[in-house]
Structure formats: C-alpha cells, structure tokens
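Read the structure below first, then the notes.
All residue numbers refer to positions in the sequence shown, counting from 1.
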Amino acid sequence: MEKRIYVLIAFMFSLLTQAQGFIKVENGKLIKDGKPYHYVGTNFWYGMNLGVSDKERLIRELDRLNVLGVKNLRIIAGSEGNINTPWAIQPAMQKEPGVYNDDLWNGLDFLLAEMKNRDMKAVVCLNNFWHWSGGFVQYVSWANNNESIPYPPPAENGDWTIYQQYSARFYSDKTAKNFFENHIKKVISRVNTINNLPYKEDRTIMAWQLANEPVGSNNIEDYRKWIHETAKFIKSLDSNHLVSIGSEGNTRSAANGTNFETDHQSQYIDYCTFHLWVQNWGWFDPLKAKETYSNAVEKATSYIEEHVKIAQKINKPVVLEEFGISRDENNYDPNSSIKIRDEYYKLIFEKIYSLSKTIPQVAGVNFWAWGGEGRPKSLMSLWKEGDDFIGDPPHEPQGWYSVYDTDFSTQKIIKYYSLKMSNEQLNK
C-alpha cells in the first residue's frame, strides 16, 4: 500500500511538473505557472528563415528583444511555393506537397531553441490567407494541377476581391486541406534537432495558430467549419498547447466575411485575436496627419473596446496581435522622424495596459513588426531573395512598418510597457 502511495505521488508530481511552463487558459485568463500572463510582444515572422541565412544576426535580434522585455514572438512554421513564386518568402519550407527544405526545419529548430534559452514564448502560425508566404492559394493551386493563382497588387491588373475569393476556396477543397493537415502533423510531431525536445512538449510554444488573417470572404460557412475542425484536429495531436485562429477581427469590410464573436465560438479555440490597421483601412493618412490622426485614434480606441467587450461576453482571453503605423509622412528612410509613430505606440500600449488592469480577459499586444538591424535594399522596394529580412513582408514596400534597432525612442516606449505589463502579471 505504501509503495502504491509513493507511486501515485510521483505520478501526480510528474503531471504537475509537465503542466508548469505551458500557457493555459483558466476562467477567461491566460495563465503561466499559476499566475495571469500579460505581455507586450512582437511579430517576428522571418525568424525561421533567419535561423538559416544568418544565425548570428538571429541571436543578436533575440538578445535585443530580450533586453526590451519582449518575450512573446509571433512566428511562422510554414511557407509554400518554389523559387518562381512571386512576392513571397524565399526559400520556402515546402516546395511542393510533402517536399520540404530541411534547412528551414533546422532554422525553425534553432529559433525555438534560442527562444527557449531566453524564456521566450512563441505563437506559431501554420498557414496564411495571404500570398506572401504561399499559404492558402498555394495549397489550392497544388490541389488543382498547379493552376494559375490570381495574385492581387502589386501584380499587374491584380484584384483583391478576386484574390480573396480564390484563397477562400481553400476551406472547401478537400485535397488542399489534406495537404495542410499533413503539414500540421509534421510540425507538431517534430523533434527539435538542437535540444532533442519534441515540439508538442516544448514550453517555448504558447500556441499553434491556424493561419494569418483567415477570412470567410464568399465562403463563410465552410470557413467556420474549417476553424472548428482544424482546431479540433490540432488538439487531437497535442493537448499541451493552446490554439488560436489568427483572426483579424471585425474588419472594416463586410465582404471579408468575419464575425469576431461567431468565429471564436469553437470550444477548441482557446483565445481570441484581432488586428488593428488605421493606415491600411483608410482611417489615417500620414501625409495629412494633423487632419486625420485624432479621428484615427478615436476609431482605433473604439475598435479595441468593441473586441474586448466580445471577449468578455464569451469569456476568452484576447490579444491585439498586430498593430502598426508608418514613419512620419510615410517616409521610408530608416533615419526619418517617428514622432507620430511613438505617440501612437504609447496610446495603443496604454489602452491595452489600462484595460488589462480591470478586465481579466485582456492578455497582451504584439506590435508589427521588429525589423532589427535589417534594412531595405532601396527605399520602398519590394523584397527579393538575398535582401535583408525586416518586419515588412515581401509584397509590401520594405520599411513601411518596421521598428529598427536604431529607433531608440520607440524601443524606450516598448520597454516601458513591457515592464508594466509583466509587473502587472507579477502583482496579481
């Protein structure tokens, strides 16, 4: 009997030890090691690629972020296409269905191992509604005999509506979804070659994310079904980690086919995400800053409050995981003024921090994006293989929203709110 008790105690202790370090959800809050988890994080989508092309720079970037207190990174663990895929990350991880670039896997291993060494957390995005990493449209093309993809701008005669409807075909295409599920299995079942730690046991990973900004477009019913089924599938493979959608939220366009509350109903979706883009959505014009800034701030504040209220209603944690703004007057020179951007960063961080003090569901915020020591090859250029990776994806003018290692005033704001958010965590 005594031996059985010791075995039971050892088993219970083992379970407790295994649970520690994984981010959990309890009573609508993100929890780390029994305490509420709040954070200021960033988007660092190119980390996997940097782990191949320049390990020394990756280490320096992680060290810089660590000093700033930015310990939650939204990264990607999947990119699709070949060397001829336009406006997309190169090299891609998956060259064709099930055919992988092993260097990229090792780059992801290196990134996660280095993050673990700094007690960082990763939100791991597995797919993309947009074409800059291959994503849905590449899977649809593969599933249909490599048919031509109707790329949006900057493609000549590109049309965003036509592109979105093509991308939304993914939710109904069994072959495309099967390709993606195979990728999910491969990611979750991987064992890190650097530290021999299975991904599904890695406490560095906070969450698996279905995709970057998936929207229903003209295929809303299958979109919501896909959210539920894919999240359930991930949970069947890995019970340790959280799952999120990667949702942009209730965007300004009804044609996107999103509903923040309905989209997050699935029991397999652990927390809510939303994004905020005052410039992209036409709320703010950096060339008319005096005329448009105050109105943009008012709309941004209302947008945040709208999503927080919904998260309260469904009692799930909520993260503003993308927001950004250009340098002053939309200047792409890394040495140009960032006075308005700094003011905007302060406002957004303060809003999230203030809400987190009184509303348990408000968990964190990730700015877009960390550019670090990378620099555009030329101002407003689109990214080409061999160029520095920065925060702006390949299809967008390089330097648009990136925070550089020399943007000291912005970094001071980031560090200040990183400490405030983490202290809030310790004080609760």
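Remark: Glu373 CD is packed, more than 12 non-hydrogen atoms of other residues, nucleotides or ligands lying under 6.0 Å away. Tyr332 OH: more than 12 foreign heavy atoms inside a 6.0 Å radius. Other residues, nucleotides and ligands contribute at most 12 non-hydrogen atoms within 6.0 Å of the CD atom of Glu298. The 12-atom threshold is exceeded at CD of Glu147, counting heavy atoms of other residues, nucleotides or ligands nearer than 6.0 Å. Within 6.0 Å of CG in Asp333 there are more than 12 heavy atoms belonging to other residues, nucleotides or ligands.
What you find for Thr204 and Met120 is that their closest heavy atoms are CG2-O, 3.4 Å. Val215 approaches Thr258 most closely through the heavy-atom pair CG1-CG2, 3.6 Å. Across all their heavy atoms, Asn259 and Arg224 have their closest contact at CB-NH2, 3.3 Å. Shown here for Ile414 and Val403, the closest heavy-atom pair between the two residues is CD1-CG1, 4.4 Å. In terms of heavy atoms, Asn219 sits closest to Ala168 at ND2-O, 2.9 Å. Here the closest non-hydrogen pair linking Ile269 and Lys316 is O-NZ, 2.7 Å.
In this structure, Lys32 NZ and Asn72 CG are separated by 9.5 Å, a value rounded to the nearest 0.5 Å. The distance from the CG atom of Leu30 to the NZ atom of Lys35 is 16.0 Å, given to the nearest 0.5 Å. Going from atom CZ of Phe22 over to atom NZ of Lys121 covers 8.0 Å, rounded to the nearest 0.5 Å. The distance from the CD1 atom of Ile149 to the CD1 atom of Ile162 is 14.5 Å, given to the nearest 0.5 Å. Summarising the geometry, atom OG1 belonging to Thr230 is positioned 6.5 Å from atom CZ belonging to Phe180; distances are rounded to the nearest 0.5 Å. To the nearest 0.5 Å, atoms CD (Gln265) and NE2 (His228) are separated by 11.5 Å.
Inter-residue side-chain proximity for Asn256 and Gln164 is flagged as met; some heavy-atom pair is nearer than 4.5 Å. Counting heavy atoms from C-beta outward, Met380 and Gln398 have side chains that stay 4.5 Å or more apart. In this structure, His38 and Ser422 have side chains that are not in contact, with every pair of non-hydrogen atoms separated by 4.5 Å or more. Between Ser141 and Tyr166 there is a side-chain heavy-atom pair separated by less than 4.5 Å. In this structure, Lys420 and Glu350 have side chains that are in contact, with non-hydrogen atoms separated by less than 4.5 Å. Proximity of Tyr293 to Tyr344: side-chain heavy atoms (C-beta onward) are separated by under 4.5 Å at one or more points. Counting only heavy atoms from C-beta outward, the side chains of Asp173 and Lys177 never approach each other to under 4.5 Å. No side-chain heavy atom of Glu306 sits less than 4.5 Å from a side-chain heavy atom of Phe274.
Of the possible polar contacts, none joining the Ser402 side chain to the Gly371 backbone as a donor-acceptor pair under 3.5 Å is found. Asn240 places no side-chain N or O within 3.5 Å of a backbone atom of Glu201 that could act as its donor or acceptor partner. In this structure a side-chain-to-backbone donor-acceptor pair under 3.5 Å is present from Asp387 to Lys384. A donor-acceptor contact shorter than 3.5 Å links the side chain of Asp270 to the backbone of Val243. Asp392 contributes a side-chain N or O that, together with a main-chain N or O of Gly399, makes up a donor-acceptor pair within less than 3.5 Å. The backbone N or O of Gly249 sits less than 3.5 Å from a side-chain atom of Ser247, completing a donor-acceptor pair. Although no hydrogens or angles enter the test, the distance criterion places no donor-acceptor pair under 3.5 Å between the side chain of Asn127 and the main chain of Ala211.
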Query raised in the report: Under the side chain to side chain donor-acceptor pair (under 3.5 Å) criterion, do Tyr303 and Asn250 qualify, and how do the steps go?
Result: CA-CA 8 Å; Tyr303 187 80; Asn250 289 331; over 6 Å; no

Report task. Check the pair Phe323, Trp368 against ring-ring contact (aromatic ring centres under 6.0 Å, His included), reporting the backbone distance first and the verdict last. Result -> CA-CA 6 Å; Phe323 84 92; Trp368 186 287; over 10 Å; no

Query - Test side-chain contact (heavy atoms from CB on, under 4.5 Å) applied to Arg341 and Asp407, step by step - result: CA-CA 11 Å; Arg341 187 181 72 182; Asp407 288 339; 2.9 Å; yes

Query raised in the report: Is there a side-chain contact (heavy atoms from CB on, under 4.5 Å) between Asn43 and Phe367 once you walk through the steps?
Result: CA-CA 6 Å; Asn43 285 270; Phe367 65 91; over 6 Å; no

Query raised in the report: What's the verdict on ring-ring contact (aromatic ring centres under 6.0 Å, His included) for Tyr345 and Phe349, showing C-alpha distance, side-chain angles and the deciding distance?
Result: CA-CA 6 Å; Tyr345 266 53; Phe349 285 146; 5.7 Å; yes

Report task. For Asn315 and Gln361, run side chain to side chain donor-acceptor pair (under 3.5 Å): C-alpha distance rounded to whole Å, both residues' side-chain angles, the deciding distance at 0.1 Å, then the answer. Result -> CA-CA 7 Å; Asn315 196 28; Gln361 290 83 2; 2.9 Å; yes

Requested in this report: Assess whether side chain to side chain donor-acceptor pair (under 3.5 Å) is satisfied between Asn101 and Lys95, documenting all intermediate values.
Outcome: CA-CA 7 Å; Asn101 181 324; Lys95 296 178 281 189; over 6 Å; no

Requested in this report: Kindly indicate, with the supporting measurements, whether the criterion ring-ring contact (aromatic ring centres under 6.0 Å, His included) is fulfilled by Tyr171 and Phe136.
Outcome: CA-CA 9 Å; Tyr171 310 121; Phe136 288 3; 5.5 Å; yes

Report task. Show your reasoning for whether side chain to side chain donor-acceptor pair (under 3.5 Å) applies to Arg375 and Thr406. Result -> CA-CA 11 Å; Arg375 295 293 185 274; Thr406 51; 3.0 Å; yes

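The residue from Glu248, Arg74, His275 that alone fulfils the side-chain hydrogen bond (donor to acceptor under 3.5 Å, both in side chains) condition with Asn212 is Arg74. For the ring-ring contact (aromatic ring centres under 6.0 Å, His included) test with Trp383, the passing option among Phe389, Trp132, Trp87 is Phe389; the others fail.
In this view, Gln279 and Ser326, Asn330 satisfy the side-chain hydrogen bond (donor to acceptor under 3.5 Å, both in side chains) rule, not counting sequence neighbours.
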Donor-acceptor list for residues 281-289 side chains, cut-off 3.5 Å, not counting sequence neighbours:
unit_1	atom_1	unit_2	atom_2	d
Asp285	OD1	Leu287	N	2.9

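Side-chain contact annotation: Asn66 with Lys71, donor-acceptor N/O pair under 3.5 Å present. A donor and an acceptor atom, one from each side chain of Tyr100 and His183, are located under 3.5 Å apart. A donor-acceptor pair shorter than 3.5 Å can be found between the side chains of Glu321 and Gln209. Between the side chains of Tyr199 and Asp109, at least one donor N or O lies within less than 3.5 Å of an accepting N or O.
In this pair, Phe179 and Trp142 present their aromatic rings perpendicular. The plane angle is above 60°, beyond the 30 to 60° band.
Screening residues 44-57 for side-chain hydrogen bond (donor to acceptor under 3.5 Å, both in side chains) gives Arg57-Glu61 as the qualifying pairs, with residues at least two apart or on separate chains.
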